[in-house]
Amino acid sequence: MIEMQDVWKEYPTGTRALNGISVNIGKSEFVYVVGPSGAGKSTFIKLMYREERPTKGHIFINGFNIERLKNRKVPLLRRSIGVVFQDFKLLPNLTAAENIAFAQEVIGISQRHIKRRVKEVLEWVGLSHKTDVLPSRLSGGEQQRIAVARALVNNPTVIIADEPTGNLDPETSWGIMKLFQRINDRGTTIVMATHNKDIVNTMRKRVIAIEHGQIVRDEVKGTYGYED
């Protein structure tokens, strides 16, 4: 499903973000990626959906060889991966339904299928009554639910989430985490970078801890383990 073999990442500025990381994440796993700020978590996440390329090493996601993947084939990779961001990244001039539909329109799905699928995922995240609402009229939790629906619309085998509760209050954060748990229960692999120690310590999933660009801890039912 996801495999990294001796992966290094150094940016043009000379900053080395990852130092020889090797890890395997299997089908249907739920994995938290934790660590201090600047540890390399975001780089680790971005490599998975080819936002960044490794400087050295090998990465395989759903059968794709990331470092050798041509730019024109990146959309094929991303059809099998859903990505959820801290700041939602919804298009402000599109309604909730249109934001979700856009993820299918860019890959040429028929309008008939799009309409049906958008309706399904909106119902699944509990926002079928918000179909025609612009993001500015939605709460933060509602915007994140729309972002999750957008990530789900192409039936991905993997969802990558980068601090998905970072802009939400505690009660709303738990609602979003319950949604991720339901997604995982259906067999979707979830890899989530987070600083939310309460969620990590309560839900007790696999925890991969990164410090100074290296994996220092990999526990099946781990804890957050940091104070920040």
Side-chain angles (χ1 to χ4, degrees), residues 1-5 7 9 17-18 21-34 40-54 57-91 99-109 113-114 117-118 120-122 124-125 143-166 176-177 179-194 205-206 208 210 215:
M1 180 68 67
I2 301 171
E3 182 178 3
M4 293 189 179
Q5 302 173 353
V7 172
K9 176 62 180 180
L18 298 180
I21 279 185
S22 295
V23 69
N24 285 278
I25 298 172
K27 179 176 171 55
S28 302
E29 283 202 77
F30 195 133
V31 180
Y32 293 119
V33 182
V34 305
K41 301 187 302 298
S42 289
T43 298
F44 181 86
I45 292 292
K46 288 177 180 178
L47 287 169
M48 291 185 187
Y49 60 94
R50 239 299 294 275
E51 179 71 16
E52 298 287 350
R53 289 177 181 264
H58 304 288
I59 304 175
F60 301 94
I61 310 286
N62 292 339
F64 292 92
N65 186 331
I66 296 298
E67 75 273 16
R68 295 184 180 179
L69 191 65
K70 296 183 184 300
N71 288 337
R72 60 185 172 83
K73 291 192 175 181
V74 170
L76 291 176
L77 165 71
R78 292 180 181 170
R79 288 183 201 180
S80 67
I81 296 174
V83 185
V84 179
F85 301 96
Q86 178 177 345
D87 57 355
F88 321 134
K89 295 194 183 301
L90 299 176
L91 297 170
N99 264 282
I100 299 167
F102 185 75
Q104 294 207 301
E105 289 169 352
V106 296
I107 59 174
I109 303 297
H113 176 88
I114 290 172
R117 183 62 181 151
V118 168
E120 289 173 354
V121 294
L122 276 169
W124 209 82
V125 302
Q143 289 186 64
Q144 194 60 292
R145 284 178 178 269
I146 296 301
V148 171
R150 180 183 57 193
L152 282 174
V153 74
N154 288 323
N155 289 308
T157 57
V158 177
I159 286 186
I160 297 168
D162 193 357
E163 301 285 358
T165 63
I176 294 297
M177 291 309 302
L179 187 56
F180 278 113
Q181 182 62 68
R182 287 175 57 206
I183 294 167
N184 181 242
D185 289 342
R186 301 193 316 168
T188 304
T189 301
I190 294 178
V191 182
M192 180 183 298
T194 184
K205 305 296 185 180
R206 180 180 174 186
I208 295 174
I210 299 178
I215 294 176

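The residues of the chain are indexed from 1 along the displayed sequence.
Taking 4.5 Å as the limit, every side-chain heavy atom of V33 sits out of range of all side-chain heavy atoms of M192. A heavy-atom distance below 4.5 Å is not found between the side chains of I25 and M1. Here the side chains of E51 and R78 are in contact, with some heavy-atom distance below 4.5 Å.
For V7 against P54, the heavy-atom pair with the smallest separation is CG1-CB, 4.0 Å. When every heavy atom of V84 is checked against every heavy atom of A151, the shortest pair comes out as CG2-CB, 3.7 Å. Nearest heavy atom pair, residue V191 against residue M48, reads CG1-CE, 3.9 Å. Taking each heavy atom of M177 and F30 in turn, the nearest pair found is CE-CZ, 3.9 Å. Closest heavy-atom contact between E67 and N65: OE1-OD1, 2.7 Å. Closest approach of A103 and R150 over heavy atoms only: CB-CG, 3.9 Å.
At distances below 3.5 Å, not a single donor-acceptor pair connects side-chain atoms of R145 with backbone N or O atoms of L179. In this structure, the side chain of D162 does not engage the main chain of A193 through any donor-acceptor pair within 3.5 Å. Checking side-chain atoms of T189 against main-chain N and O of G26 turns up a donor-acceptor pair under 3.5 Å.
Here the CG atom belonging to L90 is positioned 8.0 Å from the CD atom belonging to Q144, to the nearest 0.5 angstrom. Remark: T43 OG1 to L18 CG distance equals 5.5 Å, nearest 0.5 Å. Interatomic distance, CD1 of I176 versus OG1 of T165, reported as 9.0 Å (0.5 Å rounding). In this structure, CZ on R79 lies 7.0 Å from CD1 on I109, to the nearest 0.5 angstrom. Expressed to the nearest 0.5 Å, how far CG of D87 lies from CD of Q143 amounts to 10.0 Å. Atoms CZ and CG, from R50 and L77 in turn, are 8.5 Å apart once rounded to the nearest 0.5 Å.
When N62, I2, T157 are each tested for a side chain to side chain contact (heavy atoms under 4.5 Å, CB included) with I81, only one passes: N62. Applying side chain to side chain contact (heavy atoms under 4.5 Å, CB included) to I100 and the options V125, V148, V153 leaves one that passes, V153.
By the neighbour-count criterion of 12 heavy atoms within 6.0 Å, atom CZ of R186 is densely surrounded, having more than that number from other residues, nucleotides or ligands. In F102, the CZ atom is not crowded: 12 or fewer heavy atoms of neighbouring residues, nucleotides or ligands sit closer than 6.0 Å.
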Given side-chain contact (heavy atoms from CB on, under 4.5 Å), test F88 with I146 step by step and report yes or no. CA-CA 8 Å; F88 321 134; I146 296 301; over 6 Å; no
Yes or no on side-chain contact (heavy atoms from CB on, under 4.5 Å) for I61 and I66, after CA distance, side-chain angles and deciding distance? CA-CA 7 Å; I61 310 286; I66 296 298; 3.8 Å; yes
Take L152 and I159 through the test side-chain contact (heavy atoms from CB on, under 4.5 Å) and record every step on the way to the result. CA-CA 8 Å; L152 282 174; I159 286 186; 3.7 Å; yes
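In summary, the side chains of N154 and R117 do not present any donor paired with an acceptor at a separation below 3.5 Å, with no hydrogens or angles considered.
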